[in-house]
Amino acid sequence: MKTLVIATALIAAFCQLAEGIAVMSVDLGTEWMKVAIVSPGVPMEIALNKESKRKTPVCISFRDGERTFGEDAQTVGVRFPQNSYSYLLDLVGKNVENPAVKLFQKRFPYYNIKPDPDRGTVVFQHDSETTYSVEELLAMILHKARQFAQSSANQAINEAVITVPGYFNQAERRAVLQAAQMADIKVLQLMNDYMAVALNYGIFRRKDFNETAQYVMFYDMGASSTSATVVSYQLVKTKEKGIVETNPQVSILGVGYDRTLGGLEMQIRLRDYLAKKFNEMKKTTKDVFENHRAMAKLLKEAGRVKNVLSANVDHFAQIEGLLDEIDFKLQVTREEFENLCSDLFERVKNPIQQALKTSGLTMDIISQVVLVGAGTRVPKVQEKLTAAVHMELSKNLNTDEAACMGAVYKAADLSTGFKVKKFITKDAVLFPIQVVFERESSEASSKPVKRMLFGPMNPYPQKKILTFNKHQSDFTFTVNYAELDHLPADEIEMLGSLNLSSVSLSGVVAALEKHKGTHTESKGIKAHWTLDESGLLVLNQVEQVLERSVTAEEAEAEESPLSKLGSTISKLFTGPEETLKENLEKPVHEEQEESKESDSTGTKKEEESEGNKSADSSSSGDEKKNTTNKEEDKKKPKVVVIKEPIVVNVSETVVPAMGEEHLQQSIAKIDALNQFDAEKSRREGALNALESFVFDVKTKLEDEEEYKSAATQTELESITKLYTEMMEWLDDEGLTADANSYEKKLSELKSLTKPVWKRVAEANERPEAIAALLATINGSRNFLTTIKNMSEAQVTDPADPPMFTQIELDTLGKVINETQEWLDKIVVDQEKLAPHETPVLTVRSLVEKMGTLDREVKYLVNKAKIWKPKIKKEDSTKDATSNKTTEKEKEDSKSEKQSDKIKIEEFKEESVLETEELRPSSEENIEKESSNFTSSKEKVEDDRKTEKPADDKENERKEEEEHKKTETPEDVTPKEPSTTETKTDEDKHTEL
């Protein structure tokens, strides 16, 4: 019993794990959002929204207590622009004094933006009592994206990879992670959008790569920004679990970007142009620039006209009732649009030049330039790009969905539920990070020392260790961005504060005093840093490292009894092989990252990599190696490494993250809105279901005769009375009722109509089911006749028992006769009943009878498949001519059996197909099948009777040649074609 309970619990846990195995990706853009999923049995695909579209506007609105998303929110935004929030990605993680926030306020002056009292970030004052931070609004949009994914996958999804612009700094990335946390999404990785695009490009072309690097440039112009990225593809060797593998790798070599160059700026300029033209018409004394609703209408129309002008040389912009019920119509040409954005088009080449400069490459070795993003569809942009790169532009990538599909591939790779073909990704640091501190000296004024932690275009994820050698007391150092001379001045200003954090270390003196001694030497204070997969800088720990020289006797004396016991026990279960295996299981690329030295501009004493740490330990291990003389080894001093943790206090100098209290308040606010929306959706669904069913019942009982005749007079009166009362209730107080009231009334009405509806369904489905049963009976009877003929024609031999026994034949005949008798009788009984009476012949009973017949026939067919005749060996002393004739008779008999056997299988397949489809088979086809089988059997008998004499050598030779062509060897069994192929171990996983 206990084993059964454990097994049940394991099965339940496995089922729960399988239900939540799916993952998703969110391509979070400034204007549009795309969601992709990977679930068991469903490879990478885009999740559709409720309008069945593949992308959704990043927009959310609040109006009259109702929250809407996407296109519905945009519709609200045209009438009430201050209640609709969009283009939020430009504001996340930024102070209100940031130039990007000022530009947003200039473009959309109708928003009431206030600084957060604690963080100084952007907060929207929605009304007198309600405020929304950018992170809260972003969390609501991510929660909606998760709903789209779960609807497509039909299961819960908690894990995701989210794409962000590559130029996002530490504060912006942390803000996106907190927004995902509020949306209850576990972020596997924040992936740079250009890396997601490059990965998507590579996974479908992995066979084109080799050990020689191939260089590709991706040019991405989106709604608010533009980037150019130089990447390399090549095959690299990696060691994983001791096995050397060759896998493709994509590496970011150079990046250039323009944060304000995009489709939105073009749309804003066209909006202002249309507004200026409307004012020039002098149809009203009001200024259209002062009317927020009119400007929102113009912005929407400008976006439509901009898209049309990409394919047409001119188009009309027209808006009904733009201002004071005055219509607006204006013809806009492509030339006019290009003149408005002429300075923007001149900036198109700048990201390319910047990407080439940071990568150190030239256009000569770039194989192709691939276009990404909707902004690259503008003809003038393509013209400027062609002139800059001097080659034909590649348009072989889905510009809208490339990043989303690449990110979902990465999500499947990072999740534990899927196995995908490995594709290594190496992103690069865009903004170099350095550590600044002051040397500990007696001089009053000392220059600050700068040490590079992660240099420009350094690959990540990566770990590094920074060592402070000369500090003997508590001190403070700062972490900030290094030289950014390659960036324009306005971009550096939009980046925000260049100082990331201030780190204070305490407990240094106490650590040194604790281990003070003549044989103790300080090796410095080591700070362990990690730049993780999401591009976030993390200070893992800081420790004081000391080395003390001791003899072997002292080392053994200092070792505690518990540690000795643990060491002894561990030696019983581990050996050199285990140690070697552990070392081999460590990936080579990870070990290389850990062993790299940190970049520095000064002396190497101030900094060392994690590889130096391993070198210190290995040097101490080398001193222990002396197996020639144990006595001398005991006398030699040993080096013991001591690590004492240092207390770390980190204070953020950039935009701080949300505090825990603030975060919980935001989560509670979002949960309340989600519950309100869920209850509202449930109420609307219940109301629609009740209204639809009430009108359906009314229509069927009043207009359709089959439903009227299927109900008794009492049932008809009670149902009519109930749905009439419900219709009156819906018109009066039903509009304000809750979901429980609707569901209760729907259940009440369904319980009354269920018997009537069931009788109608039985009457409609019964003829088809009867026809299917008759077809099964006729097929089974023909099958019985066939196998009886086979049994009669079979040569009786004690050594060769018959294929079917008489009991088996009689059993099948009995079932066929009983089924026929039952059907004849119950059909007569059913025809005597009125439509409103309970039927005695149900579809279920017919299906059960068909199942019984099918089971009997299947038993005999399976027996025929595995049955083999036993051939009696002839005496070798017989006459050669007699032996030849006997062998020929045996072969003819075997050929007949094989033909009968194959015929049974074919006949069975047809019978089963008819049973499964519940479709009546025409008697003409059955008779044809039977006649075909009989004619085949008669043909074999005629061939045997008309056998030529042995002295007719010519005829005998021809017959032998024909017989060899149709002969079936005794050791070869006819094999049915297999509908499935053998699965490999890799096929057991989801193949992407």
Side-chain angles (χ1 to χ4, degrees), residues 762 765-798 800-832 839-869 896-897 899-934 936-938:
E762 287 284 344
E765 297 173 5
R766 190 179 301 118
E768 185 178 357
I770 292 174
L773 179 58
L774 286 172
T776 305
I777 293 173
N778 293 333
S780 303
R781 186 175 285 116
N782 292 337
F783 172 74
L784 179 61
T785 303
T786 301
I787 61 177
K788 278 185 177 180
N789 293 336
M790 287 173 52
S791 299
E792 292 173 359
Q794 184 178 355
V795 179
T796 57
D797 190 342
D800 188 11
M803 185 183 300
F804 306 108
T805 64
Q806 189 62 37
I807 296 176
E808 293 171 340
L809 299 177
D810 294 343
T811 302
L812 179 58
K814 182 180 178 182
V815 173
I816 293 173
N817 294 333
E818 289 178 351
T819 305
Q820 184 67 59
E821 293 173 2
W822 172 84
L823 180 62
D824 295 339
K825 179 179 179 301
I826 202 161
V827 167
V828 174
D829 296 340
Q830 178 62 40
E831 290 176 350
K832 295 179 182 179
V840 294
L841 178 58
T842 62
V843 175
R844 178 183 290 275
S845 62
L846 293 169
V847 172
E848 290 175 354
K849 291 294 182 181
M850 283 188 285
T852 303
L853 277 174
D854 183 65
R855 186 166 56 252
E856 293 294 332
V857 173
K858 272 185 178 179
Y859 168 75
L860 297 179
V861 171
N862 290 334
K863 183 178 180 182
K865 286 182 180 180
I866 62 176
W867 178 81
K868 290 183 180 181
E896 177 186 348
K897 291 178 181 179
S899 177
D900 294 344
K901 186 176 178 182
I902 295 172
K903 202 65 183 177
I904 290 172
E905 295 177 3
E906 294 176 352
F907 188 83
K908 173 57 185 170
E909 290 175 0
E910 182 177 353
S911 175
V912 172
L913 180 61
E914 291 174 351
T915 304
E916 289 177 349
E917 293 181 353
L918 289 179
R919 294 289 184 271
S921 173
S922 63
E923 295 186 10
E924 185 178 318
N925 292 336
I926 297 173
E927 291 174 1
K928 183 178 178 181
E929 179 67 24
S930 178
S931 64
N932 289 340
F933 184 85
T934 306
S936 176
K937 182 174 180 297
E938 290 175 354

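Atoms considered below: every heavy atom in the structure, side chains included; atoms not considered: hydrogens, waters and symmetry mates. What you are looking at is a predicted structure, and each value in this text was computed from that prediction instead of being measured.
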Flag the pair [X] / [Y] as yes when at least one side-chain heavy-atom distance between them is below 4.5 Å, and no otherwise.
| X | Y | result |
| --- | --- | --- |
| Glu848 | Thr852 | no |
| Thr811 | Glu856 | yes |
| Thr805 | Lys863 | yes |
| Phe804 | Leu812 | no |
| Leu823 | Leu774 | yes |

[X] [atom1] to [Y] [atom2] distance, which is reported to the nearest 0.5 Å:
| X | Y | atom1 | atom2 | result |
| --- | --- | --- | --- | --- |
| Glu762 | Arg844 | CD | CZ | 9.5 Å |
| Leu773 | Leu853 | CG | CG | 7.0 Å |
| Gln820 | Trp822 | CD | CH2 | 11.0 Å |
| Glu808 | Tyr859 | CD | OH | 4.0 Å |
| Glu768 | Leu846 | CD | CG | 11.0 Å |
| Ile816 | Ile777 | CD1 | CD1 | 8.5 Å |

#### Entry: Other residues, nucleotides, ligands: >12 heavy atoms within 6.0 Å of Lys814 NZ
no
### Query
Taking only residues two or more places apart in sequence, or in another chain, which ones meet Asp829 in a salt bridge (charged side-chain N to carboxylate O under 4.0 Å, His left out)?
Lys825
### Task
Heavy atoms only: give me the nearest Ala769-Val843 pair and the separation to one decimal.
CB-CG1, 4.2 Å
### Contact summary for Met803 and Ala864, nearest pair of heavy atoms
SD-CB, 3.8 Å
## Note on the structure
With sequence neighbours left out, the residues meeting side-chain hydrogen bond (donor to acceptor under 3.5 Å, both in side chains) with Asp810 are Gln806
### Task
Ignoring hydrogens and angles, state whether a donor on the side chain of Glu821 or Asn817 is under 3.5 Å from an acceptor on the partner side chain.
no
### Query
So, Asn862 side chain and Lys858 main chain: donor-acceptor pair closer than 3.5 Å or not?
yes
### Query
Is the backbone of Leu841 close enough, under 3.5 Å, to the side chain of Arg766 for a donor and an acceptor to pair up by distance?
yes
